[in-house]
Amino acid sequence: MRSALCLGETMAVLSPDPPVGLAAADRFSCGIGGAESNVAMGLAAFGVPVSWISRLGEDGFGRKILAALAQHGVDVAQVQIDRERPTGLYFKDPAAEPEHSVRYYRQGSAAAAMAPDLLADPAVAALLAGAGLVHLSGITPALSPSCRALCEQLLRLPRDGRVFSFDLNWRPGLWHGQDASLLRGLADSADVLLLGADEAEQAFGTGSEAELRTLLPGPETLVLKKAADSAVSLHRDPATGRESRTEVPALSVALLEPVGAGDSFAAGYLSGLLAGLDETSRLRRGHLAAACTLTVAGDRGALPEEAVIEALLGSSEAQWRATSVAPGRIESPALPAPAVLPGRPIPAGSSVLR
Ligand SMILES: Nc1ncnc2c1ncn2[C@@H]1O[C@H](COP(=O)(O)OP(=O)(O)O)[C@@H](O)[C@H]1O
Ligand SMILES: O=C(O)C(=O)C[C@H](O)[C@H](O)COP(=O)(O)O
């Protein structure tokens, strides 16, 4: 299988522990968070050889991020270390309204200093030349003008058999005071564009398939996620120009925490693309990986064993629709018995929402 390369910022994440509002918090647990590195770890879990490219501060948070990604099987050899700027941070605020539930401290971070000269680094150029997939997201161009220039330059590269994927990851807080209309041009120059109907509505004023396809005619494949309902792939055959539509319902999930589901979906879908699977299987892999993440209290849930993935991907539509995922457990008529999901137990005091 050809390798993948994911580029973007990863930060240290500080979460009040216990989960109270920031004003009341005395203690924090520290994890790591970054959309593109979540995708990189997700791809590695599906067996894809993957590198993550970024820039970190010469600090403990940077070292923690490198160690965590390496532990998940992601190649971090070409991550740059910035001696002047720090690793970015964000805080979770469990008491805040959803649009303020995350507080970024990433302005002037090491990653925000990424620039097109990164591509002149011979080791990075070699990774890029060998990659079958290059994954970016709408977060990076919002970080700084130099990061935006880097994304523009990457998306202008000749394809040479590579696929450039782009997850919209609309973060209005990061675009404040900047021209967010640039995002549409970037998204439109990818080959595979992943976006949620809700975020498309906010960023582009519509979540409708037909209107989005008209607004974004560039990508060969547009993957529109409709949260708990379904995901739709609109794919244009490069040889004939014919457009086909594939829709796969989402799994029934006992949701614990939503963060990271979009990144896991991207990893599932893109791993299927690299493996040469059809659109239905790619979308199913996306839903399955997202469901595993939705049932844990972190950015990424562990996948079931390979035989379970295969059985679910090969199941009939009725069996797929009757499949449900709860913390630690998958039940499906396509499985001889409920499958146990590996991973951390549910933290005490967490409530399982439905
Ligand atoms: N309530 C839910 N039930 C089942 N699956 C869901 C639910 N919410 C999200 N998903 C899954 O997660 C994927 C990503 O959802 P999305 O809302 O786009 O996430 P994000 O906002 O994290 O990007 C969906 O395509 C679907 O597979
Ligand atoms: O870099 C950022 O700004 C982030 O938000 C990092 C987040 O951990 C993930 O991007 C989760 O994002 P979803 O998968 O959409 O829930």
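One-based numbering along the sequence shown. Note that ligands are numbered from 1 as they come in the structure, with each ligand's atoms numbered from 1 the same way.
- The distance from ligand 2 to the heavy atoms of Ala35 drops below 4.0 Å at these ligand atoms: 1 (O), 6 (C), 10 (O).
- Annotation: Gly262 places an N or O atom under 3.5 Å from an N or O atom of ligand 2; distance criterion only.
- If you number the atoms of ligand 1 from 1 as listed, the ones under 4.0 Å from a heavy atom of Phe265 come out as 25 (O), 27 (O).
- Close contacts of ligand 1 with Val253, meaning ligand atoms under 4.0 Å from a residue heavy atom, involve 3 (N), 4 (C), 5 (N).
- Using the six-membered ring where Trp is involved, His287 and Phe265 have ring planes that are perpendicular, over 60° apart on the 30 and 60° scheme.
- In this structure, Arg213 pairs ionically with Glu243, as a charged nitrogen and a carboxylate oxygen lie closer than 4.0 Å.
- The shortest N/O to N/O separation between Ala250 and ligand 1 does not fall below 3.5 Å.
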Practice problem: Mind running side-chain contact (heavy atoms from CB on, under 4.5 Å) on Arg236 and Arg242 for me, showing each step along the way? | Solution: CA-CA 5 Å; Arg236 187 175 53 247; Arg242 233 191 85 238; over 6 Å; no
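- Ion pair Arg159/Asp191 flagged as a salt bridge, since at least one NZ, NE, NH1 or NH2 atom sits closer than 4.0 Å to an Asp/Glu carboxylate oxygen.
- Scanning the protein heavy atoms around atom 9 (C) of ligand 2, the nearest turns out to be Asp263 OD2, 3.1 Å.
- A donor-acceptor pair shorter than 3.5 Å cannot be found between the side chains of Thr280 and Asp278.
- The closest side-chain heavy-atom distance from Asp167 to Val39 is not below 4.5 Å.
- Counting only N and O atoms by type, the side chains of Glu247 and Ser230 include a donor and acceptor under 3.5 Å apart.
- Proximity of atom 21 (O) of ligand 1 to the protein is not indicated, since no non-hydrogen protein atom lies closer than 4.0 angstrom.
- There is no side-chain donor-acceptor pair under 3.5 Å between Glu279 and Thr246.
- The closest side-chain heavy-atom distance from Asp263 to Arg300 is not below 4.5 Å.
- Among protein heavy atoms, the minimum distance from atom 18 (O) of ligand 1 is reached at Lys225 NZ, 3.4 Å.
- Evaluated by nearest non-hydrogen atom to atom 12 (O) of ligand 2, the leading choice among Arg171, Arg106, Lys225 is Arg171.
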Exercise. Check the pair Val79 / Arg55 against side-chain contact (heavy atoms from CB on, under 4.5 Å), numbers first and verdict last.
Key: CA-CA 6 Å; Val79 173; Arg55 209 172 164 91; 5.9 Å; no
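- With hydrogens and angles left out, the side-chain atoms of Glu9 and Tyr104 include no donor and acceptor closer than 3.5 Å.
- For the ligand labelled ligand 2, residue Glu36 lies outside the 4.0 Å heavy-atom shell.
- Put simply, no part of Phe265 is less than 4.0 Å from ligand 2, judged by heavy atoms.
- At a heavy-atom cutoff of 4.0 Å, ligand 2 is contacted by no atom of Val13, backbone or side chain.
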Exercise. Walk me through it: do Arg329 and Glu331 pass the test salt bridge (charged side-chain N to carboxylate O under 4.0 Å, His left out)?
Key: CA-CA 7 Å; Arg329 194 177 163 93; Glu331 288 185 51; 3.1 Å; yes
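- Below 3.5 Å of separation, one finds no N or O of Glu9 facing any N or O of ligand 2.
- Checked by distance only, ligand 2 and Gly260 come closer than 3.5 Å through their nitrogen or oxygen atoms.
- For the pair Lys226 and Glu209, the salt-bridge criterion is met [side-chain N within less than 4.0 Å of a carboxylate O].
- Ser101 and Asp93 share no donor-acceptor pair across their side chains, judged by distance under 3.5 Å alone.
- Close contacts of ligand 2 with Met11, meaning ligand atoms under 4.0 Å from a residue heavy atom, involve 1 (O), 2 (C).
- Counting only distance, with no hydrogens or angles, the side chain of Arg2 and the backbone of Ala131 share a donor-acceptor pair below 3.5 Å.
- Residue-ligand proximity, Val259 to ligand 2, at heavy-atom distances under 4.0 Å covers atoms 11 (C), 16 (O).
- The residue Ser264 has no part lying near ligand 2, judged by heavy-atom distances below 4.0 Å.
- Using a cut-off of 4.0 Å between Lys/Arg side-chain N and Asp/Glu carboxylate O, Arg321 and Glu317 are scored as salt-bridged.
- Regarding atom 4 (C) of ligand 1, its nearest protein heavy-atom neighbour is Leu251 O, 3.2 Å.
- Ranking protein heavy atoms by distance to atom 12 (O) of ligand 1, first place goes to Ala290 CB, 3.3 Å.
- Residue His287 places at least one N or O, backbone or side chain, under 3.5 Å from an N or O of ligand 1.
- Shown here, atom 16 (P) of ligand 1 is out of close reach of the protein: none of its heavy atoms lies under 4.0 Å off.
- Of the heavy atoms in Asp299, only side-chain atoms (C-beta onward) come closer than 4.0 Å to ligand 2.
- Contact atoms of ligand 2 toward Ile139: 1 (O), 2 (C), 3 (O) (distance under 4.0 Å to a heavy atom of the residue).
- Using a 4.0 Å cut-off to heavy atoms of Tyr90, the atoms of ligand 2 that qualify are 6 (C), 7 (C), 8 (O).
- Looking at Ser324 and Ser252, their side chains never bring a donor and an acceptor atom within 3.5 Å of each other.
- Looking only at heavy atoms of the protein, atom 6 (C) of ligand 1 is closest to Leu294 CD1, 3.3 Å.
- Near Gly262, with a cut-off below 4.0 Å to any heavy atom, the atoms of ligand 1 are 14 (C), 19 (O), 20 (P), 22 (O), 23 (O).
- In this structure, Ala227 counts as a contact residue of ligand 1, since one of its heavy atoms falls inside 4.0 Å of the ligand.
- Interface of Tyr104 with ligand 2, defined as ligand atoms under 4.0 Å from a residue heavy atom, comprises 2 (C), 3 (O), 5 (O).
- Remark: ligand 2 atoms within the under-4.0 Å shell around heavy atoms of Asn38 are 8 (O), 9 (C).
- In terms of protein heavy-atom proximity, atom 1 (N) of ligand 1 is nearest to Ala228 CB, 3.4 Å.
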